[in-house]
Amino acid sequence: MTKKFLSVLNGNVEKTPPIWLMRQAGRYLPEYRETRKRAGGFLELCYNSDLSTEVTLQPIRRFNFDAAILFADILLIPHALGMNLWFETGEGPRLHGILDGFKIKDLKPPDEIHDTLDPIYQTVRNLSIDLPETTALIGFAGAPWTVATYMVFGKGSKDHKEVKKYLNENTEKFDQLIDIIKIATIEYLSSQIVAGAEVVKIFDSWAGSLSGTDILKYSYEPIYQISCELKKRHPSVPVIAFPRGVGGGYEMFSKIETISCLALDQSVPSTWAQKLQENVVIQGNMDPLLLVTGGEKLETEVIDILGNLASKPFVFNLGHGITPDADVNNVDKLIELIRK
Ligand code: CP3
């Protein structure tokens with residue numbers, strides 16, 4: 001049985017494009033909320049291989065997406081490197097970060113992350129057995145810049161002003177941090193592949209906060225280097241990159257030969273994205289809000305994206321994660337529109 005998602009990542013056009021959604025396992029699903037409660041908390045859920053396997057499978061059972069994404073979080077790497085990590089209900093992640101006094105020299109060596117991350121590899125092994133034979137399995141990690149923003153500031157931020165101030169005033173230390181995350185990320189993704197991940201995705205969710213040459217140094221370069229090393233170790237495994245919010249900068253990312261697929265956020269018009277398809281497979285990029293509001297606009301946007309992008313190898317997805325207030329009926333409708 002061939003997997004449509006893998007076929008398209010290898011450059012083929014299928015009758016209808018494959019579809020999966022960022023954050024497809026999450027709070028918009030009642031069965032996810034129930035399992036999370038059973039686990040006791042979000043981190044407990046991530047490190048419980050049986051329950052993580054279960055929540056990864058939930059959206060597949062309900063919607064039969066063409067790909068499943070491992071249930072975990074990009075902040076497990078800082079946690080495995082020795083930083084305190086916790087999730088404040090309703091507020092998101094918190095780390096005891098560098099601006100709060102954590103010292104980079106106190107991070108564990110990147111090759112010591114596996115003890116902590118072993119349950120994640122077990123989840124991948126479980127999934128490679130439990131998934132339907134037409135569903136591809138995606139592993140993932142955060143890109144060094146996005147992970148570093150949390151490691152420095154200790155939580156999310158709108159414009160990353162404090163992180164950029166830290167990097168301008170402590171460039172050498174910040175570069176050392178990026179290097180540590182980069183090496184740990186290569187090890188982490190490589191281990192996910194060995195455990196059974198068929199594709200890996202690198203999330204640079206905050207790439208759009210960078211400016212000027214820093215986009216090259218802190219988003220483009222680390223993603224490029226990670227993808228090169230993964231290609232060397234696992235030549236047949238496609239790498240998806242998601243440098244969110246880089247606008248015209250997507251063009252240079254589309255030319256990285258070790259990246260099979262470029263994920264676009266919803267700020268990019270699909271007519272503009274067409275030219276990137278000469279270089280790379282495109283994934284994206286419907287506004288997640290349309291799964292909250294639904295209606296005619298959902299339909300016209302889907303038709304527009306498909307009309308502009310689906311005649312070349314293309315993966316349908318959102319421009320960012322599905323939100324907790326998304327309506328599952330709209331997800332059903334979306335899938336029907338894509339597959340009919
Ligand atoms: O279904 C999937 O996509 C797989 C699992 C997944 C999660 N996080 C689960 C999660 C993936 C791929 C991520 C990636 C992630 N985590 C990113 C990059 C993608 C993006 O959305 O930009 C980032 C920046 C993080 C860090 C993070 N984790 C934040 C900022 C938050 C809080 C915001 C929020 O949505 O609540 C989390 C928590 C988180 N990660 C949840 C889930 C399902 C919600 C936690 C809960 O159940 O309360």
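Counting starts at 1 for both ligands and their atoms, in listed order.
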**Any Arg244 heavy atom less than 4.0 Å to ligand 1** = no
**Main-chain N/O of Leu21 paired with Gln24 side-chain donor or acceptor, under 3.5 Å** = yes
**Prompt:** If we only count N/O pairs under 3.5 Å, is Ala25 in contact with ligand 1?
**Reply:** yes
**For atom 21 (O) of ligand 1, the protein heavy atom that lies nearest, with its residue and separation** = His320 NE2, 3.2 Å
**Complete:** For atom 23 (C) of ligand 1, the closest protein heavy atom turns out to be Ile74 CD1, 3.4 Å
**Request:** Applying side-chain contact (heavy atoms from CB on, under 4.5 Å), name anything that partners Val328, two or more places apart in sequence or on another chain.
**Result:** Tyr28, Leu29, Arg62, Phe63
**Message:** Using a 4.0 Å cutoff against the non-hydrogen atoms of Phe203, which atoms of ligand 1 qualify?
**Reply:** 12 (C), 18 (C), 19 (C)
**Asked** Any chance CD of Glu336 has more than 12 other-residue heavy atoms, nucleotides or ligands included, within less than 6.0 Å?
**Response** no
**Request:** Could you tell me the residue and atom name of the protein heavy atom closest to atom 6 (C) of ligand 1, and the distance to it rounded to 0.1 Å?
**Result:** Ala72 O, 3.4 Å
**Asked** Should you measure from each heavy atom of Leu70, which atoms of ligand 1 turn up under 4.0 Å away?
**Response** 4 (C), 5 (C)
**Prompt:** Relative to the heavy atoms of Ile69, which atoms of ligand 1 are at a distance of less than 4.0 Å?
**Reply:** 1 (O), 2 (C), 3 (O), 4 (C), 12 (C)
**Message:** Does the plane of the ring in Tyr47 sit parallel, tilted or perpendicular to the ring in His79? Use 30° and 60° as the thresholds.
**Reply:** tilted
**Message:** Whether the side chain of Asn317 engages the backbone of Asn285 through a donor-acceptor N/O pair (distance < 3.5 Å, no angle test) should be reported.
**Reply:** no
**Message:** Which residue and atom name correspond to the protein heavy atom nearest atom 39 (C) of ligand 1, and how close is it?
**Reply:** Phe42 CZ, 3.5 Å
**Prompt:** Does a side chain donor of either Ser190 or His234 reach within less than 3.5 Å of an acceptor in the other side chain?
**Reply:** yes
**Asked** Under a 4.0 Å N-O cut-off, is there an ion pair linking Arg233 with Glu187?
**Response** yes
**Complete:** min-distance protein heavy atom vs atom 3 (O) of ligand 1 -> Arg23 N, 2.8 Å
**Message:** Using a plain distance cutoff, I'd like to know if Arg27 has any nitrogen or oxygen under 3.5 Å from a nitrogen or oxygen of ligand 1.
**Reply:** yes
**Item:** For Arg36, the ligand 1 atoms whose distance to one of its heavy atoms is below 4.0 Å
**Value:** 46 (C), 47 (O), 48 (O)
**Message:** Quick one about Trp86 and Glu88 (side-chain donor to acceptor, distance below 3.5 Å, no hydrogens or angles considered), yes or no?
**Reply:** yes
**Taking atom 32 (C) of ligand 1 as the reference point, the nearest protein heavy atom with its distance** = Pro93 CD, 3.6 Å
**Asked** Does Gln24, backbone or side chain, put an N or O under 3.5 Å from an N or O of ligand 1?
**Response** yes
**Message:** Quick check on Leu21 - does any of its heavy atoms sit under 4.0 Å from an atom of ligand 1?
**Reply:** no
**Request:** Write out the residue and atom name of the closest protein heavy atom to atom 38 (C) of ligand 1, then the distance separating them to 0.1 Å.
**Result:** Phe87 CE2, 3.5 Å
**Prompt:** Is Val194 linked to Val239 within one hydrophobic cluster, defined over Ile, Leu, Val, Met, Phe, Trp and Tyr using a side-chain heavy-atom separation of less than 4.5 Å?
**Reply:** no
**Message:** Starting from atom 40 (N) of ligand 1, what is the nearest protein heavy atom, named by residue and atom, and what distance separates them?
**Reply:** Asp73 OD1, 2.9 Å
**Prompt:** So does Lys103 pair up with Asp106, basic N to acidic O under 4.0 Å?
**Reply:** no
**Item:** Residue-ligand contact Tyr32/ligand 1, heavy atom below 4.0 Å
**Value:** yes
**Message:** Distance alone, cut at 3.5 Å: any donor-acceptor contact between the side chains of Glu172 and Gln176?
**Reply:** no
**Request:** Using the ring of Tyr150 (Phe, Tyr or Trp, six-membered ring only), decide whether Lys155 places NZ or CZ under 6.0 Å from its centre and within 45 degrees of its axis.
**Result:** no
**Prompt:** In terms of atom number and element, which parts of ligand 1 are under 4.0 angstrom from non-hydrogen atoms of Tyr150?
**Reply:** 24 (C), 30 (C)
